[in-house]
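In what follows, a single structure is set out as structure tokens and then discussed.
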Amino acid sequence: MMASTRRTVLSLYMRVFRIARTWQAQSGVTSDTETERKYILQEARTLFRQNQQFTDQEAVKKCIEECEARIEIGLHYRNPYPRAMYLPPLGLATQKGRKLRAQQRLRKQAKPIYLQSHDET
């Protein structure tokens with residue numbers, strides 16, 4: 001990892017921890033605030049550790065973009081949890097074979113950047 005990329009990743013990591021430290025739940029309830037703070041910290045640790053072995057610059061860049069997008073979405077909506085992913089038209093297949101593969105490809109293409117690290121459901 002290049003020095004500038006490493007610096008960017010570390011600054012994002014610290015930014016997430018600063019956000020978690022000052023996070024206030026939208027409901028204003030203390031228990032909700034603590035739950036959301038714990039979620040932010042746990043999610044950051046999990047994803048950064050999961051992605052720390054990446055050496056490919058493109059993969060690292062995608063992770064950085066995902067982190068920045070999740071930070072901005074979380075701050076804008078005051079919700080630390082990932083937003084729902086909506087399926088494209090014909091996204092639910094009951095058929096097998098070629099149509100199923102095409103629909104799986106559509107779902108993969110429709111997945112927003114801020115959910116790239118989450119597994120398929």
Side-chain angles (χ1 to χ4, degrees):
M1 189 181 321
M2 295 174 50
S4 63
T5 307
R6 180 178 171 82
R7 191 176 316 120
T8 304
V9 170
L10 290 175
S11 71
L12 280 173
Y13 192 67
M14 293 307 298
R15 182 175 177 204
V16 170
F17 275 81
R18 274 188 237 111
I19 290 169
R21 198 176 324 127
T22 60
W23 185 264
Q24 291 294 317
Q26 196 170 15
S27 65
V29 179
T30 306
S31 63
D32 289 348
T33 298
E34 288 304 315
T35 303
E36 290 179 6
R37 284 179 180 177
K38 287 178 184 175
Y39 172 79
I40 292 169
L41 294 173
Q42 183 250 343
E43 185 77 1
R45 285 184 184 121
T46 301
L47 291 177
F48 275 88
R49 285 189 180 133
Q50 173 184 328
N51 298 331
Q52 76 181 8
Q53 77 280 359
F54 288 157
T55 55
D56 179 34
Q57 288 296 319
E58 285 301 312
V60 172
K61 185 179 177 189
K62 283 184 180 182
C63 290
I64 290 171
E65 288 173 358
E66 177 184 355
C67 182
E68 289 171 343
R70 288 188 67 180
I71 287 171
E72 293 306 317
I73 289 171
L75 291 174
H76 177 75
Y77 291 104
R78 301 299 305 153
N79 183 355
Y81 306 107
R83 295 183 52 80
M85 181 180 86
Y86 300 101
L87 295 175
L90 304 173
L92 293 174
T94 57
Q95 299 134 346
K96 295 179 182 175
R98 203 176 232 176
K99 288 188 177 186
L100 177 63
R101 286 192 300 273
Q103 290 170 354
Q104 287 173 336
R105 187 176 61 250
L106 274 175
R107 271 186 250 141
K108 186 175 181 181
Q109 290 172 348
K111 193 172 191 178
I113 192 168
Y114 56 86
L115 290 176
Q116 293 297 322
S117 62
H118 285 273
D119 296 331
E120 290 288 325
T121 55

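Values below: all heavy atoms of this structure, side chains included; hydrogens, waters and symmetry mates excluded.
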Step by step, would you call Arg37 with Gln24 a side-chain contact (heavy atoms from CB on, under 4.5 Å)?
-> CA-CA 8 Å; Arg37 284 179 180 177; Gln24 291 294 317; 3.2 Å; yes
Worked check of side-chain contact (heavy atoms from CB on, under 4.5 Å) between Ile71 and Leu12 = CA-CA 9 Å; Ile71 287 171; Leu12 280 173; 4.0 Å; yes
Could you walk me through whether Glu36 and Tyr81 pass the side-chain contact (heavy atoms from CB on, under 4.5 Å) test, one step at a time?
-> CA-CA 8 Å; Glu36 290 179 6; Tyr81 306 107; 3.6 Å; yes
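Within the 4.5 Å cutoff, no side-chain heavy atoms of Glu65 are placed close to those of Arg70. A heavy-atom distance below 4.5 Å is found between the side chains of Ile64 and Thr5.
For Thr33, there are no side-chain hydrogen bond (donor to acceptor under 3.5 Å, both in side chains) partners at least two apart in sequence or on another chain. Here Glu68 pairs with nothing under the salt bridge (Lys or Arg N to Asp or Glu O under 4.0 Å) rule; sequence neighbours left out. For Arg18, the side-chain contact (heavy atoms from CB on, under 4.5 Å) partners two or more places apart in sequence, or in a different chain, are Met14, Arg15, Arg21. Listed by chain and number, the residues in a side-chain hydrogen bond (donor to acceptor under 3.5 Å, both in side chains) with Asn79 amount to none (sequence neighbours excluded). Partners of Arg78 by salt bridge (Lys or Arg N to Asp or Glu O under 4.0 Å), not counting sequence neighbours: none found. Residues forming a side-chain contact (heavy atoms from CB on, under 4.5 Å) with Tyr13 (at least two apart in sequence, or on another chain): Phe17, Arg45, Phe48.
The two residues Pro80 and Tyr39 come nearest to each other via the heavy atoms O-CE2, 3.4 Å.
Under 4.0 Å is where a charged nitrogen must lie from a carboxylate oxygen, and between Lys61 and Glu58 no such pair does.
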